[in-house]
Every structure is written in C-alpha cells, then in structure tokens.
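Report on one structure; see the data block that follows.
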Amino acid sequence: MRVAVATRFFMGLFEETMLKEIRNKMNAVLDELGWEHPDFQVERPRDRAFGHASSNIAMTLAKTLRRAPRDIAAELAEKLKDRVPGVETIGVEGPGFINFYYSASYFQAFIPRIRREKQRFQCEFSGKGKTVQVEFVSANPTGPLTIGHGRQAVLGDSIARILEWHGYDVTREYYFNDAGRQMRMLGASVYARYRRMSGDDMPIPEGGYEGEYITDIARQFHEEYGGDRTDEDLQVFIDFAAKAIFHTITASLRRLNIVHDVYYNERDLYRNGKIDAVLKELETKGHVYRKDGAVWFKAEAFGAEKDRVLVKSSGEPTYRLPDIAYHREKLLRGFDMIVDVFGSDHHATYPDVRAALEALGHDTSRIRVLLHQFVTLTRAGRKIKMSTRKAEFVTLDELIDLAGPDVVRYFYIMRSMGSHLNFDIALAQKQSDENPVFYLQYAHARMHNILVHSREKGIASYEDADLSLLKEDEIIALLEHMIEFRDVMYLCLSSLEPMHLANYLYRLATAFHKCYTVHRVVTEDIELSKARLQLIDAVKIILANGLQLLGIRTPEKM
RNA sequence: GCCCCGAUAGCUCAAUUGGAUAGAGCAACGGUCUUCUAAACCGUAGGCUACAGGUUCGAUUCCUGUUCGGGGUACCA
C-alpha cells in the first residue's frame, strides 16, 4: 500500500519521459543563469556506469562561455540538484558529461502504469487526427512476389503499424498496372503454354515468361474456357492471367498478415483523364516542350539531372507521366503525410516526379520516400540469382513455406533498409537457438508460463504487491529497458526505420532472460513473488506489444 | 563518364543521428539444468571501423580525394 500511494503521487510527473524531463529542467536552469540554449543532447549512455541518463551540454557550452567543460558541468549539476524527480545523484564525469543516477523507486513506479495503459503505454497519440498513406509492394501482376518484394511488403506494413500506434489514420496502398508491354508478354506466354496443351508446338515468345506458374494458369484457363481460343483473344488471356496472379499475390501477403486498404490501378488514371490533365497543365504553365516528335518535361529547371520524355514520339506516355499523375492524386486526396516505399532501383525516377509536382505548384514536403536496398539470397554461403522472367527465383511463398511467417517478417526487419539484406535460407530454416526470432518468442512464452505457474501455486492475485521489493541489479536493468520503449517508438516514427524496434525487443528479451536465470519469480516468499509477478506482467505487455507492431506472433507455449 | 547507396570481429549486422573503453548474433573454445521451459545463462578469444587527408574539446558518424561492391544514368517499368 505504501507504494501505491507513492505511485499516485508520482503519476502527474511521469507524463514526460526521463530524457524529456531532464531536458526541460536543464532549459529552466539555463534561463535562470541567463545562458544561451545550445544544441545539446540528453541520452541513455551505452555504458550503465555512466548513469541512467547523460547530457553533453557542458561541452557544447564550453566555447561560447570560454570556460572548462567540467567547470560548467559542475555549476549546472549543482543547480539541478533535487530538481529532477527520481534522480538520486548527479555526477560530473569524463570530459564534462553530466550523469544522472535514478533511484529504484523511480523505475518501480512505472509498473502500475504499464499494467494500466497496456498496449498504449506512454503513447501520446502525436498522429491523432492526421492521415497518412503508405504505398508499398506495388508490383505489377506479371508473376508471384519474389523475396525482394517481401522485404518491401514487411517494411511497409511495419511502418504502417508504427504510424498507427502513434495515432495516425493509415491507408495501406498498392499501385499497379495491368496494361502495357509486359502484360502483353505475359498474355502471350500463357497463350503459348495453352496452345501446347492442345498439342501445338508453339514456342514461348522471345523475352516471355517461363515460370511454372504460367503453365498452371494456362491449365486453369483451359479448364474454364476449353481448348479452342486463339490469339485474337489475347486480352482475355491477359485479364485471366492478371487476375490469377493477383490472387496469389494477395494470398502471399495475407500469409504475412498484410492487407492493403486500396489497390490503385494505373489504368484508372487514363480512364478518368487525370493523365491528360497533368500533361495539359504542365503545358499551359510552360514546363514542357517538343523535340524529335516527343514531349519533354523541363526537369532540369527544377533541379533534376536532365530533361525527361513524358510522351514518346509514338504517342505513348512513358512510365513517368502516370507516376506524376498518381502522386498528384495522392496529394489532392489530402493526406497529411505520404510514405513511398521503393526499391533502390527507383531512386533515379523519384526526383523527376517531385520536380513535376513542384512545377505544378504542389508542396512535396509531405512526401517521404524510403528506398530500401536489395535482398540477396544465399544458401550455404552461395548466392542465388533471381529473375522473374526466367523463373530462376525463390518466391516469397516458398520462403514462407520454408521458414514460417514470423521468421520471414523478423529477418526482413532486423536490418536497416539502407543496407543490403543477406537472407540466409539455411539459417532462416533452422528451428533452433541460432534463429533470433525464437529468442524473442521464447521470452514471451516464458513470461506467460510464469504467470500460469503462479496461479497453480495458489497465488490468485498479486495486485497488492509491495514494489519496493524490486531492487536487484538485473531487475532494475530490466525496468530501464521497459521504459525505453517510448523513446524507441519515437525513433521509429522519426526515422521510419522499424529495425530500431526489432533491435530494442532483442535487448529487452536479453534483459529478461538474464533476470530469469538469476531471480526466481515464484518462491515461498509470497510478498516478493507478488512484486515480481507484477514485473513479469508488465514486461510481457511491452514485449507482446512490440512483437505485434512487427507483425510477429506471441506464442504462449513453445 | 556522371549520380545514389554501401564498406565495422572469420560470417551476418548494430552503434541512441558528433560522445566516454566500437557492441550483438552465428561460427570456435570452456562452464551452468533436483528449481517458473537449457529455444536460456555465464566466461574466453576475436578490431589500425577499406585507404589517405581535413573539420573540433571529441569522428565509425560530417567534408575532400582514392580503392572495391550494388543500383541508376532509356522515347523499358
């Protein structure tokens, strides 16, 4: 009961995180001293020997104040004394860092709050009332999704989940084109297979698709339409193939727990005249010219590398024009933020789109383009080459068959999107301790089991626990990791890089596993058991929350 | 040629966006189950952060070159 009162007392003060609280107090002290506000940091030091929080402010002030950093630090530390809630001692260490050491009770007090707020622990809903569109995958329906698409799918969906957690109203969107040369090639490839089924020795067209899925589609077509269709029905073949492939694409995504809200078809932009409208407007504003029978956009005038062709001399638009029209539509649809997740092969195309949008008078600062590097697949250290056309690839589906959806999702997320992802099939396939996914899930299963076990031992309720009993080093370390959650989520939001969450959860699981091996939760000491059960209940909430944000399941048994 | 991204332990990658002694996993070696799950924990070993300069209190991080990988540089998408 003693702690319950203390907790309520602290509650109002805990609306800020540790780091923000320190920053606020620091700013107040600067004002009192009449010093300028430098660009300083308050962070969790890597090494716990340097306290629970640390600031470099003294070093950043050294130059303008013309004083030794340690000297400045000492003065600030003296001023801050007893003013930051939860801080026991403040030290001046190293070249002039100010280090803050918190009391155990500060950390203990977070447990009731986590248990009350659950998944929304420390969520400040910064995105409330704002809409965001996340475009990802956007593969044209020419074949099943590959391992490369998989990375984008998981990245995009995890980013969407992180935005949702912050309160954003998220639209997951898939942009595709089922017209054009590649689709005609697809139709012709299916047609060739289809003819062969009727005994004709028809060759696959030059540059056509050769995968086994083509044969499957031809067979389905044969079953539905019979064997006497001719190439005059090519559009029928195209439509049939596109539909079938789209079906497999959405099925693959659903296996990873990914569902798009909107499927935006490029053809609609032609049908409803949006493409003509964009072209006309660029023309009236004087941003295009004609050369060699083609229509060119003066991209150079807007900072792009060189001018680009929008309409070929054949009268057919290049891919750029619909891209511009589509992005313009996104802006007009009124999203507060637009996130484009693209493969690194798109990095050259986006500046042109942005240039055109600016030429049309749009503010493009709402658009964030995230480029991710490619995935290389290795098996026993050897690279596997991938090509959709040649069908020399491992499909996303095959990968999920092999490793399971949780492993697939985690592997795609655990590396930063800016670096190449080396997907080791052999490792992903291992259902053993070599596989980091199980490390996280095992932690969750262990937590669950402890809670079950406590009931079996006759501890019906642990609500009246005395949390001041939680004071061992490993337990405080675990608590520290727990309250880091909000900072990590903030980092994920500002960087749109879900890897940070994956790394954090790994650290959290480690802190838990260490604790688990050293301190038994359910013992003969009922009071101590109750306190630790509250702790476990709280960690479980955070871990489960994080795993769900990455779309990874939280098993209760393993 | 030009543009973008990358280069960190044997391998795959981190490093709180400029901070203190550069950290994990895997692989190697050694130790820990009568206990709530050993899919765990502890320890040992492993580094001139590709190279050369520069910027400052301080650089894996920023700037300039060089080397090596990947991508782009279409009237292909």
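Everything quoted here is computed from the prediction, not taken from an experiment.
Between Glu316(A) and Arg181(A) there is no salt bridge, since no side-chain N of the basic residue sits under 4.0 Å from a carboxylate O of the acidic one. The pair Arg486(A)-Glu124(A) counts as a salt bridge, with a side-chain nitrogen and a carboxylate oxygen less than 4.0 angstrom apart. Salt-bridge annotation for Asp307(A) and Lys298(A): absent, with no side-chain N of the basic residue lying under 4.0 Å from a carboxylate O of the acidic one.
No more than 12 heavy atoms of other residues, nucleotides or ligands lie within 6.0 Å of CZ in Arg290(A), so this atom counts as exposed by the packing criterion.
Within the nucleic acid shown, Ala443(A) has no heavy atom closer than 4.0 Å to any nucleic acid atom. Counting non-hydrogen atoms under 4.0 angstrom, Asp352(A) reaches nothing in the nucleic acid. Residue-level contact check: Arg520(A) touches the bases, meaning some heavy atom is under 4.0 Å from a base atom. Across all strands shown, His519(A) has heavy atoms under 4.0 Å from base atoms, whether or not it also approaches the sugar-phosphate. Nucleic acid contact for Ser416(A): sugar-phosphate only, since backbone atoms but no base atoms lie under 4.0 Å from a heavy atom of the residue. In this structure, Ser313(A) reaches the bases: a heavy-atom distance under 4.0 Å links it to at least one base atom across the strands shown. Residue contacts shown for Ala294(A) include a base, since a base heavy atom lies under 4.0 Å away.
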Show each protein N/O and nucleotides 57-62 of chain B N/O combination with a separation under 3.5 Å, one pair to a line.
none

Report all interatomic pairs (protein N or O, nucleotide N or O of nucleotides 41-50 of chain B) with separations under 3.5 Å.
{"unit_1": "rC41(B)", "atom_1": "OP1", "unit_2": "Tyr439(A)", "atom_2": "OH", "d": "2.4"}
{"unit_1": "rC42(B)", "atom_1": "OP1", "unit_2": "Lys514(A)", "atom_2": "NZ", "d": "3.2"}

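Of the candidates rG25(B), rC36(B), rG18(B), rG18(B) carries the atom nearest the Gln41(A) side chain, counting heavy atoms from C-beta on. Nearest nucleotide to the Ser495(A) side chain, out of rC75(B), rU17(B), rC36(B): rU17(B). Out of rA14(B), rA20(B), rG71(B), the shortest distance to the side chain of Phe50(A) is found at rA20(B). The side chain of Arg308(A) lies closest to rU73(B) when the candidates are rU73(B), rA77(B), rA38(B). In this structure, of rC13(B), rA39(B), rG71(B), it is rC13(B) that holds the atom nearest to the side chain of Arg415(A). Here the nucleotide nearest the side chain of Arg44(A), chosen from rA20(B), rC36(B), rU16(B), is rU16(B).
Side-chain contact between Glu463(A) and Lys530(A) is absent, with no heavy atoms from C-beta onward closer than 4.5 Å. Here the side chains of Met558(A) and Arg446(A) are not in contact, with every heavy-atom distance at 4.5 Å or above. No side-chain heavy atom of Leu501(A) sits under 4.5 Å from any side-chain heavy atom of Leu491(A). Side-chain contact between His327(A) and Arg354(A) is absent, with no heavy-atom pair separated by less than 4.5 Å.
Stem analysis of RNA chain B (at least three stacked-register Watson-Crick or G-U pairs, each with both distances under 3.5 Å) gives B:1-7 with B:67-73, B:10-13 with B:23-26, B:28-32 with B:40-44, B:50-54 with B:62-66.
Summarising the geometry, the separation between CE on Met414(A) and C1' on rG23(B) is reported as 16 Å, rounded to the nearest angstrom. Regarding Ile450(A), its CD1 atom lies at a distance of 11 Å from the P atom of rC36(B), rounded to whole Å. Atom CZ of Arg446(A) is separated from atom C1' of rC33(B) by 11 Å (rounded to the nearest Å).
Residue-nucleotide stacking is not present for Tyr516(A) and rA40(B), judged by a side-chain ring centre under 5.5 Å from the six-membered base ring centre and planes under 30° apart.
Within the 4.0 Å cut-off from OP1 or OP2 of rA74(B), at least one side-chain nitrogen or oxygen of Lys306(A) is found. The side chain of Lys312(A) contributes an N or O atom lying less than 4.0 Å from OP1 or OP2 of rC76(B). Contact annotation: Thr349(A) side-chain N/O to rA74(B) OP1/OP2 distance is not under 4.0 Å.
Comparing Asn99(A) and Cys515(A) against RNA chain B, the residue whose closest nucleotide sits nearer the 5' end is Asn99(A).
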